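These notes concern the structure reproduced below.
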Amino acid sequence: MSTQTSAKSELLERYGLYFSWLIALFATGGSLYFSEIMGFGPCTLCWVQRIFMYPLVVILGIASYRNDRQIITYVLPLTLIGGCIALFQYLQQKIPALASAVPCKVGVPCNFEYINWFGFVTIPFLSLTAFTLITIILWLSRASNPNK
């Protein structure tokens, strides 16, 4: 194994939980910023994504503090399910036929775009990015430890 690969593995092994916790913390803070400060009401799918993201702040925070890698096995299902929901909502926003096939009937429509930065960055895209990064970092930090 090369020195550079070894250094990356060591970095993930040492700080993977911490990096994941920071991403969950920023995603939760961003979610609260959009809803509470900007006044963007969350749709049904946004609420479901919050259900999967918000506990990660507490779970990954405690795991980071205790350096408990056992938690990765329990956190990955949350990130994978939350990411799938975020992907579905993003596709609803970008593919009009999908939005009309499965309409959101209560509150804010799930295909409504409060933000659209650079033509593709929407709130579900940000959520998908956070879930994906957490999943990748945790998976690689798990894989970097041969005993787990």
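For clarity, every value in this text was computed on a predicted model and none was experimentally measured. Positions are given from 1 along the sequence.
- Under the side chain to side chain donor-acceptor pair (under 3.5 Å) criterion, the residue pairs touching residues 50-63 are Ser31-Arg50, Ser31-Tyr54, Ser35-Arg50, Arg50-Tyr54, with sequence neighbours excluded.
- Taking the six-membered ring for Trp and the full ring otherwise, the centers of Tyr114 and Phe34 sit at least 6.0 Å from each other.
- Under the 4.5 Å side-chain heavy-atom criterion for grouping Ile, Leu, Val, Met, Phe, Trp and Tyr, Ile59 is connected to Leu32 within one hydrophobic cluster.
- Following chains of ILVMFWY side-chain contacts shorter than 4.5 Å, one cannot reach Tyr65 starting from Tyr18, and the two form parts of different hydrophobic clusters.
- Nearest heavy-atom pair across Cys43 and Gln89 is SG-NE2, 3.2 Å.
- Thr28 places no side-chain N or O within 3.5 Å of a backbone atom of Leu25 that could act as its donor or acceptor partner.
- The two residues Leu98 and Gln92 have their closest heavy-atom pair at CD2-N, 3.9 Å.
- Nearest heavy-atom pair across Gln49 and Gly82 is CG-O, 4.2 Å.
- Residues Leu56 and Ala24 share a closest heavy-atom pair of CB-CB, 4.0 Å.
- The two residues Leu78 and Phe131 make their nearest non-hydrogen contact at O-CE2, 4.1 Å.
- Contact record, Ala86 with Ser127: CB-OG, 3.7 Å, taken as the closest heavy-atom pair.
- Aromatic ring orientation, Phe19 versus Tyr15: tilted (interplanar angle from 30° to 60°).
- No donor-acceptor pair closer than 3.5 Å links the side chain of Tyr90 to the backbone N or O of Ile85.
- Side chain of Ser64 to main chain of Leu17: a donor-acceptor pair is present (N/O by atom type, distance under 3.5 Å, no hydrogens or angles).
- If you chain together ILVMFWY residues whose side-chain heavy atoms come under 4.5 Å of each other, Ile62 ends up grouped with Val58.
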